Amino acid sequence: MAETNSERKNVKQSGSPGVQQREREPDVVLRPPVDIYEDADGITLMADMPGVSRDRLTIEVDKDMLLVEGDARVDMPEGMEALYADVRSTRYRRSFTLSGELEAGQIDASLKDGVLSVRIPKRAKVRPRKIEVRGE
Amino acid sequence: MFAELTNFGGGLFDEFRRLQDEMEGLYGRWPLPAGIRSVARGTYPPINIGATTEQVDVYLFTAGLDPKTLDISLQQNLLTVSGERHAPVKEEANYYRKERFDGPFRRLITLPDDVDPDRVEAHYRDGVLEIHIKRREATRPRQIEVK
């Protein structure tokens, strides 16, 4: 009983109210649906990010982490009231870890009509090589 | 931007009801009636609907769509949008994830009663289809002068 009380106190004490509030603030992020496939030369990632234009999109590679972020912009008249909303945020974010055989420095990305495609090539030496079987 | 859209007026109750409906559906209690045209969560495409006193705006989040496949019609206050989204599977590739929608879609949306079916405009930009429908003037709030 006493222990529970002290635990509760600890929770209350940690952090100022401002910090707590910030933690509780809903930071809603949209997780864009993706297709990811691999072929002989590399991996392709396609992501649906409607409302994002090229200047509001960032793709970052930090060590083995690929981060895709975008801000959707939709022009709406002043004083608009929501009647219905499936989409509750304008911020898209999704990240992936890459593996060593991928050439992170050679990533190529393009955006068209809200569809992002990212191409991550494999290092040349790990591409599959056809092994010839010699006859006798 | 969508801060306004999360600031619900009447829509909150629908949303709450849908949530409750889903929860109760899971646990087998008698559910509250759902809107007859309400759809399951995750239905493609996601839509937002907003309104001002002058117009109703419908936003469909349809990335990578060929606008030529779109068919938009408005009968009184019932808006129908259908189209086709292509996200075909590449052959000879090994898929890890296939989350993007592929195929034809159709959504029916009930709008407020006072929309004017003759004044509709649609734009497609950055993967968002916007449909703007003007409301009839008679229903707009009018300033009344005190003499």
Side-chain angles (χ1 to χ4, degrees), chain A residues 25-26 28-57 70-92 94 96-97 99 110-117 119-120 128, chain B residues 1-12 14-15 38-39 41-67 85 87 89-90 92-102 109-112 124-130 132:
Chain A
E25 218 169 80
V28 186
V29 177
L30 303 170
R31 191 169 176 261
V34 297
D35 288 354
I36 300 176
Y37 59 87
E38 177 164 358
D39 54 31
D41 302 323
I43 290 181
T44 303
L45 178 150
M46 311 262 284
D48 283 350
M49 300 168 86
V52 177
S53 55
R54 227 177 65 184
D55 52 321
R56 293 173 166 269
L57 175 76
D71 260 320
R73 183 172 204 167
V74 178
D75 292 327
M76 288 197 296
E78 292 260 321
M80 179 158 271
E81 180 202 351
L83 298 182
Y84 177 87
D86 282 329
V87 181
R88 301 294 182 81
S89 172
T90 54
R91 187 122 194 98
Y92 293 96
R94 208 159 166 180
F96 302 90
T97 49
S99 50
S110 63
L111 180 72
K112 190 180 182 273
D113 290 338
V115 178
L116 167 71
S117 41
R119 176 80 184 159
I120 314 154
Chain B
M1 200 182 323
F2 289 132
E4 297 98 89
L5 283 187
T6 48
N7 193 1
F8 276 81
L12 178 64
D14 279 348
E15 191 59 24
S38 67
V39 294
R41 189 174 283 267
T43 301
Y44 187 87
I47 60 173
N48 282 9
I49 306 168
T52 62
T53 50
E54 288 180 7
Q55 65 183 67
V56 177
D57 286 1
V58 180
Y59 302 88
L60 289 97
F61 296 83
T62 50
L65 190 79
D66 179 1
R85 218 293 280 265
V89 171
K90 281 212 168 174
E92 293 172 29
N94 182 23
Y95 271 79
Y96 300 111
R97 289 177 189 269
K98 183 81 190 69
E99 300 168 354
R100 295 168 65 238
F101 179 88
D102 178 41
I109 302 151
T110 317
L111 301 176
Y124 185 67
R125 198 183 58 179
D126 290 334
V128 179
L129 174 68
E130 295 176 21
H132 308 286

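In what follows, every chain begins at residue 1, and chains take the letters A, B, ... in the order their sequences are listed. Keep in mind it's a predicted model, so treat the numbers as computed, not measured.
Across B:Ala51, B:Ala93, B:Pro112, B:Ala87, the residue that shares the most heavy-atom pairs under 4.5 angstrom with chain A is B:Ala51. Looking only at heavy-atom pairs under 4.5 Å with chain B, the residue among A:Leu111, A:Leu116, A:Val52 that has the most is A:Val52.
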Item to check | Candidate pair B:Tyr124 and B:Thr62, rule side-chain contact (heavy atoms from CB on, under 4.5 Å), full reasoning | outcome: CA-CA 9 Å; B:Tyr124 185 67; B:Thr62 50; 3.6 Å; yes

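For B:Asn94 (side chain) and A:Asp39 (main-chain N/O), no donor-acceptor pair under 3.5 Å exists by modelled atom type. With hydrogens and angles ignored, the 3.5 Å screen pairs no side-chain donor or acceptor of B:Tyr44 with any backbone N or O of B:Arg85.
Heavy-atom distances place no part of B:Leu60 under 4.5 Å from chain A, backbone and side chain included.
Note that CZ of A:Arg91 and CE of A:Met49 are 9.0 Å apart. Values are rounded to the nearest 0.5 Å.
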